[in-house]
2 protein chains.
Amino acid sequence: MYSIGELSRRTGVKVPTIRYYEDTGILDAPDRTGGNQRRYDSAGLERLAFIKHARDLGFSLEAIAALIQLRQAPEGSCHRADEIARVQLADVRSKIMRLRALETELVRISKSCDGQGVADDCNVLAALADHELFGTDHGAK
Amino acid sequence: MYSIGELSRRTGVKVPTIRYYEDTGILDAPDRTGGNQRRYDSAGLERLAFIKHARDLGFSLEAIAALIQLRQAPEGSCHRADEIARVQLADVRSKIMRLRALETELVRISKSCDGQGVADDCNVLAALADHELFGTDHGAK
DNA sequence: TATAATTCCTCCAGTCACTAGAGGTTCAAG
DNA sequence: CTTGAACCTCTAGTGACTGGAGGAATTATA
């Protein structure tokens with residue numbers, strides 16, 4: 001049996017976050033001691049590790065809840081789990097593309113500024129003020 | 001003079017977001033008509049375009065507020081603006097690296113699942129459950 | 001066994017950057 | 001002068017936590 005702090009140490013999930021997961025229903029409420037403290041078993045530990053890993057991969061809590069549903073209904077189809085993972089992959093890829101464009105632009109901005117001049121003719125500020133310098137299609141989500 | 005809707009159309013920033021920017025102080029409160037409606041001049045338009053562009057580049061509103069301070073104190077040093085841009089660039093790069101690691105992992109997970117099996121032996125779920133499958137260093141921020 | 005230090009409890013508020021809705025007012029066109 | 005679009009304020013909600021207050025339980029040490 002693990003206390004909430006022990007669970008936190010073993011999974012790397014902060015204590016208030018564990019309680020938050022319980023509140024939202026993604027983590028089952030564990031048994032309590034006579035003094036009302038949470039005591040987790042290895043199933044609880046496993047579940048939290050699963051959530052942590054999925055969160056680290058960028059899955060939303062909503063997606064994780066769906067994944068857990070699937071785990072608990074083993075006769076269900078794998079299709080949905082695969083779909084969730086593929087949506088997540090597409091999302092990660094689009095984020096990477098967007099960030100790469102930002103990187104290019106920031107490099108250009110930073111390169112043009114040696115940090116020595118006065119703000120009045122600072123290229124960082126000028127670049128930010130003037131859309132035309134690099135086209136305007138940054139807003140795409 | 002532009003109404004708030006006109007400003008929204010010209011900058012691509014939604015109306016409630018413009019009001020939100022005013023609330024937080026990042027955008028100056030404009031003059032009002034007799035009927036209490038906001039009317040912006042070209043300075044307001046420019047300022048909002050600046051904010052929009054910086055937001056698209058991933059700057060926080062806090063960082064943008066600092067940048068605006070610098071623009072309004074033209075005798076100040078360029079150094080701070082350059083620093084803010086460089087921090088932003090470093091942040092973008094670390095996000096890209098993290099996302100690339102996630103991409104690799106998600107590809108591996110997805111490839112192992114044809115979506116046809118049952119959840120009980122679905123590799124997506126197994127991969128998520130088992131840290132050991134790909135090492136454990138996903139939590140690095 | 002007594003005490004001290006640590007960990008735990010609940011509840012509430014705050015973060016960031018918006019977004020949405022209710023209920024009412026003003027503006028511009030015809 | 002009427003209609004309908006756009007505007008106003010205010011409140012509350014989003015996601016995924018994070019932090020603090022104030023107090024109770026547990027664990028370690030003397």
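By convention in this document, chain letters (A, B, ...) are assigned in the order of the sequence lines, proteins followed by strands, and residues within each chain are numbered from 1. Computed over heavy atoms, backbone and side chain alike; hydrogens, waters and symmetry mates excluded.
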Legend entry - Where at least one partner belongs to residues 10-21 of chain B, residue pairs that pass side chain to side chain donor-acceptor pair (under 3.5 Å), sequence neighbours excluded: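 Of all non-adjacent pairs touching residues 10-21 of chain B, those that pass side chain to side chain donor-acceptor pair (under 3.5 Å) are B/E6-B/R10.
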
Legend entry - Shortest non-hydrogen contact between B/L61 and B/I26, atoms and distance: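 Minimum heavy-atom separation between B/L61 and B/I26: O-CD1, 3.5 Å.
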
Inset, instruction - Specify the closest pair of heavy atoms between B/L27 and B/I18, including all atoms of both residues, with the distance to one decimal. - result: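 Looks like CD2-CG2, 3.8 Å.
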
Whether [X] contacts [N] is assessed here as follows: a side-chain N or O lying under 4.0 Å from the phosphate OP1 or OP2. Is that the case?
| X | N | value |
| --- | --- | --- |
| B/R38 | D/dC7 | no |
| A/Y21 | D/dC17 | yes |
| B/T17 | C/dT19 | yes |

Spacing between [X] atom [atom1] and [N] atom [atom2], to the nearest angstrom:
| X | N | atom1 | atom2 | answer |
| --- | --- | --- | --- | --- |
| B/D91 | C/dC16 | CG | P | 15 Å |
| B/E62 | C/dA17 | CD | P | 8 Å |
| B/R55 | C/dC16 | CZ | P | 11 Å |
| A/M1 | D/dT26 | CE | P | 13 Å |
| B/L61 | C/dT15 | CG | P | 13 Å |
| A/L27 | D/dA16 | CG | P | 15 Å |
| B/L48 | C/dC18 | CG | C1' | 14 Å |
| A/D56 | D/dA16 | CG | P | 13 Å |

Legend entry - Rounded distance [0.5 Å steps], CD1 in B/I64 versus CD in B/Q88: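 With rounding to 0.5 Å, CD1 (B/I64) is 9.0 Å from CD (B/Q88).
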
Legend entry - Nearest-0.5 Å distance that lies between atom CG in B/L7 and atom CZ in B/R9: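 The distance works out to 10.0 Å.
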
Legend entry - Contacting residues from residues 2-15 of chain A, given that a heavy atom lies under 4.0 angstrom of DNA chain D: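 Per residue number, the list reads A/K14.
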
Legend entry - Under the side-chain hydrogen bond (donor to acceptor under 3.5 Å, both in side chains) test, residues paired with B/E103 that sit two or more places apart: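 Once residues adjacent in sequence are excluded, the partners of B/E103 under the side-chain hydrogen bond (donor to acceptor under 3.5 Å, both in side chains) criterion are A/R93.
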
Legend entry - With sequence neighbours excluded, residues passing side-chain hydrogen bond (donor to acceptor under 3.5 Å, both in side chains) with B/R86: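 B/R86 satisfies side-chain hydrogen bond (donor to acceptor under 3.5 Å, both in side chains) with B/D82 only.
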
N/O to N/O distances under 3.5 Å, protein versus nucleotides 20-22 of chain D:
none

For residues 30-43 of chain A, tabulate all N or O donor-acceptor pairs below 3.5 Å that involve a side-chain atom, not counting sequence neighbours.
{"unit_1": "A/R32", "atom_1": "NH1", "unit_2": "A/N36", "atom_2": "O", "d": "2.9"}
{"unit_1": "A/R32", "atom_1": "NH1", "unit_2": "A/N36", "atom_2": "OD1", "d": "3.4"}
{"unit_1": "A/T33", "atom_1": "OG1", "unit_2": "A/G35", "atom_2": "N", "d": "3.2"}
{"unit_1": "A/T33", "atom_1": "OG1", "unit_2": "A/N36", "atom_2": "N", "d": "3.4"}
{"unit_1": "A/T33", "atom_1": "OG1", "unit_2": "A/Q37", "atom_2": "N", "d": "3.0"}
{"unit_1": "A/R38", "atom_1": "NE", "unit_2": "A/E22", "atom_2": "OE1", "d": "2.7"}
{"unit_1": "A/D41", "atom_1": "OD1", "unit_2": "A/A43", "atom_2": "N", "d": "3.2"}
{"unit_1": "A/D41", "atom_1": "OD1", "unit_2": "A/G44", "atom_2": "N", "d": "3.0"}

Inset, instruction - With heavy atoms under 4.0 Å as the rule, sort B/R19 into base, sugar-phosphate or nothing. - result: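 Answer is base: heavy atoms of B/R19 come under 4.0 Å of a base.
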
Legend entry - Student check: side-chain heavy atoms of A/D56 and A/K52 closer than 4.5 Å: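 They are in contact (side-chain heavy atoms under 4.5 Å apart), so the answer is yes.
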
Legend entry - Summary of protein contacts for nucleotides 21-30 of chain C, nucleotide by nucleotide, where a base hit scores B, a sugar-phosphate-only hit scores S (4.0 Å, heavy atoms): -----SS---

Legend entry - Crowding at CE, B/M1 (>12 non-hydrogen neighbours, <6.0 Å):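 Yes, enclosed.
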
Legend entry - Residues which pass side-chain contact (heavy atoms from CB on, under 4.5 Å) with A/A63, listed by chain and number, not counting sequence neighbours: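 Only A/F59, A/S60, A/I84 meet the side-chain contact (heavy atoms from CB on, under 4.5 Å) criterion with A/A63.
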
